[in-house]
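Here the structure comes first, spelled out in structure tokens, and everything after it is commentary.
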2 protein chains.
Amino acid sequence: MIVDGAAVAAASEALPDDICVAALAAVFSALGDPTRVRIALALLGRELCVCDLAALAGISQSGVSHQLRVLRDLRVVAYRRDGKRAVYRLIDDHVREVLELGLAHAAESETG
Amino acid sequence: MIVDGAAVAAASEALPDDICVAALAAVFSALGDPTRVRIALALLGRELCVCDLAALAGISQSGVSHQLRVLRDLRVVAYRRDGKRAVYRLIDDHVREVLELGLAHAAESETG
DNA sequence: TCAACGTATGAGTAAACGTTCAGATGAAGC
DNA sequence: GCTTCATCTGAACGTTTACTCATACGTTGA
């Protein structure tokens, strides 16, 4: 079955364990949805409350809340309470860089 | 409905158009699956043929082929023919960086 | 305490996804 | 030509996903 045994062995050695792979996939999956990327992009330069994010994402407040939960669980966003409102922000600088790299890649793909 | 009109306007202005958002989501979505990240990670340091990737990913050759099609369509991987084999490689340096940033983020999330 | 507001949660649903199976395509050797 | 091998493709399947609706939670102000 295996053709290039040495390469497979090397790749197998270099591959992170299943838990790490799953975590990695989960993070990308978090950004792998139009609504959630839009949320993340909107939070790039400022913090926003749920209802404003709903307006920007173009879906119901409930829908945004569900997606924010996903992003929270994956440590992409965090929030602070401001009275009745929950104001969300990006947690991690990695996310900023990842978004920008993704945009660069998407731009190249469109061009090519 | 909208609370912070200025912030919403600014975010709305900064948001890419729908097509770009969709493309961005698609790229992240491509890496947002354990099998496909594993494929991408395996290809980080070398090129590999389909059957070797199947062995590394732990699914059928057919399954890998389906996933490679996704990655091909999104310009994440490309392949060359070597006789009967199809040898795949990562196309884009952005992908390498994105993977590494993702790993860094995942590592931090595990720690925290 | 009560009502109003912003947010979170649970149920339900339609669509998308990842996999396997079976069969088609294409290249190499006889 | 035929056979074999590696890969690709289409159909079918079970699972997951992203949304809406209805409702519950938590905070504010009367």
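Quick note on labels: first sequence line is chain A, next is B, and so on, each numbered from 1. Computed from a predicted model, the values in this text were never measured in an experiment.
- Look at T35(B) and you'll find a side-chain N or O under 4.0 angstrom from OP1 or OP2 of dT19(C).
- To the nearest 0.5 Å, the span separating NZ on K84(A) from SG on C51(A) amounts to 11.5 Å.
- Of all heavy-atom pairs between Y79(B) and A86(B), the closest is CD1-CB, 3.8 Å.
- Under the 4.5 Å side-chain criterion, counting only non-hydrogen atoms from C-beta, L48(A) is not in contact with I39(A).
- Contact annotation: S65(A) side-chain N/O to dT7(C) OP1/OP2 distance is not under 4.0 Å.
- For residues 43-63 of chain A, the set of pairs meeting the salt bridge (Lys or Arg N to Asp or Glu O under 4.0 Å) definition, not counting sequence neighbours, comprises E47(A)-R80(A).
- In this structure, H66(B) does not pack face-to-face on the six-membered ring of dT19(C), missing the 5.5 Å centre cutoff or the 30° plane limit.
- When the salt bridge (Lys or Arg N to Asp or Glu O under 4.0 Å) test is applied to R38(A), the partners found at least two apart in sequence or on another chain are D18(B).
- The shortest heavy-atom contact between L15(A) and A42(B) is CD2-N, 3.9 Å.
- Judged by closest nucleotide on DNA chain D, C49(B) is the one of C49(B) and I59(A) placed further toward the 5' end.
- Between the H105(B) side chain and the L74(A) main chain, a donor and an acceptor come within less than 3.5 Å of each other.
- In this structure, the separation between OG on S12(A) and CG on L56(B) is 6.0 Å, given to the nearest 0.5 Å.
- Interface residues of residues 27-34 of chain A facing DNA chain C, ordered by number: none; criterion, heavy-atom separation under 4.0 Å.
- A23(A) approaches A106(B) most closely through the heavy-atom pair CB-CB, 4.1 Å.
- When the P atom of dG6(C) is taken as reference, atom CD of E47(A) falls 17 Å away, rounded to whole Å.
- Atom CG of L53(B) and atom C1' of dT19(C) are 17 Å apart (whole Å).
- Residues forming a salt bridge (Lys or Arg N to Asp or Glu O under 4.0 Å) with R81(A) (at least two apart in sequence, or on another chain): none.
- Comparing R69(A) and V3(B) along DNA chain C, the residue whose closest nucleotide (by nearest heavy atom) sits nearer the 5' end is V3(B).
- The two residues V37(B) and L31(B) come nearest to each other via the heavy atoms CG2-O, 3.1 Å.
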What does nucleotides 22-30 of chain C look like as a protein-contact string, B for base, S for sugar-phosphate only, - for none, at under 4.0 angstrom between heavy atoms? B----SS--

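- Note on Y88(A): only backbone sugar-phosphate atoms sit closer than 4.0 angstrom, heavy atoms only; bases stay farther off.
- If you take CD of Q67(B) and C1' of dT20(C), they are 12 Å apart, rounded to a whole angstrom.
- In 5' to 3' order, the nucleotides of DNA chain D bounding all contacts with chain A (an atom under 4.0 Å from a heavy atom) are dA18(D) to dT28(D).
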